[in-house]
Amino acid sequence: MYDVAAIIQGYAQGYFLMADDSNGLEWYSSRDRTLIPLDKRFRYPKSLRRVINQERFSVAINRDFKTVVFGCANRDTTWISPELQDIYWELYQAGWAYTFETWLGDELAGGILGIVIGGAFIGESMFYRIPEGSKVAMVKLVERLRERKFVLFDAQMMNPHLQRFGAYRVVDDEYQALLKQALQCRSKLV
């Protein structure tokens, strides 16, 4: 058993957990954070718009939590250790961790793992099994966060994939102010 309250408190202060090379867990923070915009700055390619308009994928929340977490961790280099997978499971059972999933029929296509605290969605990782699965999940998750009046979609670290969606960096002071605002909200993903 893990101290779920202490873990959530760490995230609420702007830290995040990652496994190091020896699979030990450490708390990390960053001088700048990557955010996914929840306003008109969010964008995605026209080719993805066509995929979404075809309505091939359906979306679900927590339909297959453990498989999404495993998919996020199943990489050559991963910061999601078995212990961190166990922590995510406990956070899920306590109502803090969520997977936002895309499905092609009965097949899991992709998903995004995150932690919800107030009006903040703290994205931990994403993966796909079927091309475009995680990208459709990203678009549909942003739509959901907008509908539910979330303040913040924290993606933690920038990468070229996130840049295509309009992700941007903020310095720690700005991040902390947004996080404080988000923590005062009572947004719900489901």
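Since we're looking at a predicted model, the values are computed, not measured.
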Quick check on the hydrophobic clustering: are [X] and [Y] connected, directly or via other members, by side-chain heavy-atom contacts under 4.5 Å?
X      : Y      : result
Trp27  : Ile8   : yes
Leu145 : Val190 : yes
Val136 : Met126 : yes
Leu84  : Phe127 : no
Met138 : Leu38  : yes

Query raised in the report: Tyr88 and Trp96: aromatic ring centres closer than 6.0 Å?
Result: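 Ring-ring flag for Tyr88/Trp96: false, centres at least 6.0 Å apart.
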Query raised in the report: Quick check, are the ring centers of Phe150 and Phe121 under 6.0 angstrom apart?
Result: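 They do not qualify: ring centres at least 6.0 Å apart.
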Requested in this report: Assess whether side-chain contact (heavy atoms from CB on, under 4.5 Å) is satisfied between Glu174 and Arg33, documenting all intermediate values.
Outcome: CA-CA 9 Å; Glu174 187 177 352; Arg33 285 299 256 278; over 6 Å; no
Grab the two heavy atoms, one from [X] and one from [Y], that are nearest each other, plus how far apart they are.
X      : Y      : answer
Cys185 : Gly119 : CB-N, 3.7 Å
Ala182 : Leu152 : CB-CB, 4.2 Å
Ile80  : Ser125 : CD1-CB, 3.8 Å
Val69  : Leu113 : CG2-CD1, 3.9 Å
Ala137 : Ile112 : C-CD1, 3.8 Å
Val139 : Phe42  : CA-CZ, 4.0 Å

pair [X]-[Y]: side-chain heavy atoms closer than 4.5 Å:
X      : Y      : answer
Leu183 : Tyr11  : no
Arg50  : Asn53  : no
Leu35  : Leu178 : yes
Ser187 : Val116 : no
Tyr2   : Glu83  : yes
Cys72  : Val68  : yes
Tyr128 : Lys135 : no
Asp64  : Thr99  : no

Requested in this report: Begin with the C-alpha distance, continue with both residues' side-chain angles, and end with the deciding distance and a verdict on side-chain contact (heavy atoms from CB on, under 4.5 Å) for Leu25 and Ile87.
Outcome: CA-CA 11 Å; Leu25 288 180; Ile87 288 171; 3.3 Å; yes
If you count heavy atoms of other groups shown closer than 6.0 angstrom to [atom1] of [X], is the number above 12?
X     : atom1 : result
Asp21 : CG    : no
Phe70 : CZ    : no
Gln54 : CD    : yes

Requested in this report: Applying side chain to side chain donor-acceptor pair (under 3.5 Å), name anything that partners Glu132, two or more places apart in sequence or on another chain.
Outcome: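 Once residues adjacent in sequence are excluded, Glu132 has no partner under the side chain to side chain donor-acceptor pair (under 3.5 Å) criterion.
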Requested in this report: For Trp103, enumerate each residue passing the side chain to side chain donor-acceptor pair (under 3.5 Å) test, keeping only those at least two apart in sequence or located in another chain.
Outcome: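 In terms of side chain to side chain donor-acceptor pair (under 3.5 Å), with neighbours along the sequence ignored, Trp103 is linked to Glu101.
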Report task. Go through the side-chain N and O atoms of Trp89 and Gln93 and say whether any donor and acceptor fall under 3.5 Å apart. Result ->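 Note: Trp89 and Gln93 side chains meet the donor-acceptor criterion.
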Strictly distance-based, threshold 3.5 Å: is any side-chain N or O of [X] a donor or acceptor partner for the main-chain N or O of [Y]?
X      : Y      : result
Thr102 : Gly110 : yes
Tyr15  : Ala12  : no
Arg31  : Asp172 : no
Arg144 : Leu189 : yes
Thr34  : Ala155 : no

Say you draw a straight line from [atom1] of [X] to [atom2] of [Y]; how long is it, rounded to the nearest 0.5 Å?
X      : Y      : atom1 : atom2 : answer
Asp32  : Asp173 : CG    : CG    : 12.0 Å
Met157 : Met18  : CE    : CE    : 4.0 Å
Asn159 : Arg164 : CG    : CZ    : 8.0 Å
Gln163 : Met158 : CD    : CE    : 5.0 Å
Gln156 : Tyr175 : CD    : OH    : 7.5 Å
Tyr98  : Ile61  : OH    : CD1   : 8.5 Å

Query raised in the report: Partners of Glu90 by salt bridge (charged side-chain N to carboxylate O under 4.0 Å, His left out), sequence neighbours excluded?
Result: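 For Glu90, no residue satisfies salt bridge (charged side-chain N to carboxylate O under 4.0 Å, His left out) once neighbours in sequence are set aside.
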Query raised in the report: Between Lys140 and Glu143, is there a side-chain N and carboxylate O pair less than 4.0 Å apart?
Result: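 Judged by the 4.0 Å cut-off on N to carboxylate O distance, Lys140 and Glu143 do form a salt bridge.
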Requested in this report: Report the relative orientation of the aromatic rings in Phe165 and Tyr44; use parallel for angles under 30°, tilted for 30 to 60°, perpendicular for over 60°.
Outcome: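 Correct class here is tilted.
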Requested in this report: Give the intermediate values and the outcome of side-chain contact (heavy atoms from CB on, under 4.5 Å) for residues Arg129 and Thr67.
Outcome: CA-CA 11 Å; Arg129 286 184 173 166; Thr67 301; 3.1 Å; yes
Query raised in the report: Among Ile117, Ile115, Ile122, Val170, which one satisfies side chain to side chain contact (heavy atoms under 4.5 Å, CB included) with Asp154?
Result: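 When side chain to side chain contact (heavy atoms under 4.5 Å, CB included) is applied between Asp154 and each of Ile117, Ile115, Ile122, Val170, only Ile122 qualifies.
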